There are 2 protein chains.
Amino acid sequence: MNIGDVSSRSGLPAKTIRYYEDIGLIKPHRSANGYRCFAETDLHKLAFLGRARALGFTIEDCRTLMALYEDESRASADVKQLAQEHLAKIEEKIADLQAMHETLGELVNCCAGDSRPDCPILKDLSGEG
Amino acid sequence: MNIGDVSSRSGLPAKTIRYYEDIGLIKPHRSANGYRCFAETDLHKLAFLGRARALGFTIEDCRTLMALYEDESRASADVKQLAQEHLAKIEEKIADLQAMHETLGELVNCCAGDSRPDCPILKDLSGEG
DNA sequence: CTTGACCTTCCCCTCGCTGGAACCCTCATA
DNA sequence: TATGAGGGTTCCAGCGAGGGGAAGGTCAAG
């Protein structure tokens, strides 16, 4: 398979696939003309990476997850720990965003949103609040 | 005031303050020795920026907000619209993160987390789910 | 033979800083 | 008077995870 084929089959942009090769996540062979030549296993890895990335894992986490996946003597505890740490980071981000949302939401609710200049949002930002 | 003073009084790192000057958010004067020389108004702007950034506004949003703040004939509707758009982006991010959290949370719950290799997390990532 | 779709490498851009190198300024102390 | 500490200055590189686009090679169809 050429890169366009794996791109459409994995849903990942060709640029991303080249990047993943660049950083050593996949190692496709090369055809005589210099084109990357992907096997089914490469496609499988790319799909794996795409799903892991969609769950928000970092590239380095993905590297670890792939290594665990390929290690048949892995302990599921290692996978679970990685996932739990990631889950904790997600929770932290959600909490941060929710705090922002709450503060900003209140300010927005207090703002008349008309043609007058008086604005509680700017008032708060300026420290007059 | 030198940069160290505004840094400690605004809570922003000196690097960040230099960066904000670089991109034209503030324009401190210079002393004879070449040092940046900050007035109270600069400090006030930096505090404004710090609060806007803490609410998750992008630098470009901050630039617009500062312009609105300094424009005495602004309409609060313009501020409110910007804030509402930002609020919508925050909500989108929260929703994305919550979706990740839900999926990953279920997988984590299904994973024994022991010394055996069998792992529903990896199974899902590999597409066997 | 040419066209168009595909592939290659290469380098710069994103965003919001952060770290570090190399150097200048000022003040206090030995 | 040297010197050292603790400011300040500039510029360059890098982070994560790719994206955009140029310049050029390859291949199948018409």
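If you're wondering where the values come from, they're calculated on a predicted model, not measured in any experiment. Here is the naming used below: chain letters follow the sequence lines, and residue numbers restart at 1 for every chain.
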Spell out, as yes or no, whether a donor-acceptor pair under 3.5 Å connects the side chain of Asp124(B) to the backbone of Ile121(B).
no

Tyr69(A) OH to Cys119(B) SG distance, which is reported to the nearest 0.5 Å
11.0 Å

Can you name the atoms? Protein N/O to nucleotides 22-24 of chain D N/O, anything below 3.5 Å, with the distance.
none

Note: Arg51(B)-Glu128(A) ion pair, threshold 4.0 Å (strictly below)
no

Between the side chains of Arg116(B) and Asp114(B), is the shortest nitrogen-to-carboxylate-oxygen separation below 4.0 Å, so that they form an ion pair?
yes

Could you tell me, to 10°, how much the axis swings from one end of the helix from dC1(C)-dG30(D) to dA30(C)-dT1(D) to the other, five pairs per end?
40°

Short of 4.0 Å, heavy atom to strand atom, which residues of residues 49-62 of chain A count as contacting DNA chain D?
Arg53(A), Thr58(A), Ile59(A)

Which pairs count as salt bridge (charged side-chain N to carboxylate O under 4.0 Å, His left out) when at least one residue sits in residues 69-87 of chain B, sequence neighbours excluded?
Lys45(B)-Glu70(B)

Specify the residues of residues 19-26 of chain A, ordered by number, for which at least one heavy atom lies under 4.0 angstrom from an atom of DNA chain D.
Tyr19(A), Tyr20(A)

What is the separation between atom CZ on Arg18(B) and atom C1' on dT10(D), rounded to the nearest whole Å?
9 Å

Ion pair Glu60(B)/Arg63(B), N-O distance below 4.0 Å
yes

I'd like to know if Glu21(A) and Lys27(A) make a salt bridge, using a cut-off of under 4.0 Å between side-chain N and carboxylate O.
no

Short N/O separations, protein against nucleotides 26-29 of chain D, under 3.5 angstrom:
from	atom 1	to	atom 2	distance (Å)
dT26(D)	O4'	Tyr35(A)	OH	3.3
dC27(D)	OP1	Asn33(A)	ND2	3.3

When the distance from CZ of Arg30(B) to C1' of dT9(D) is rounded to whole Å, what number comes out?
8 Å

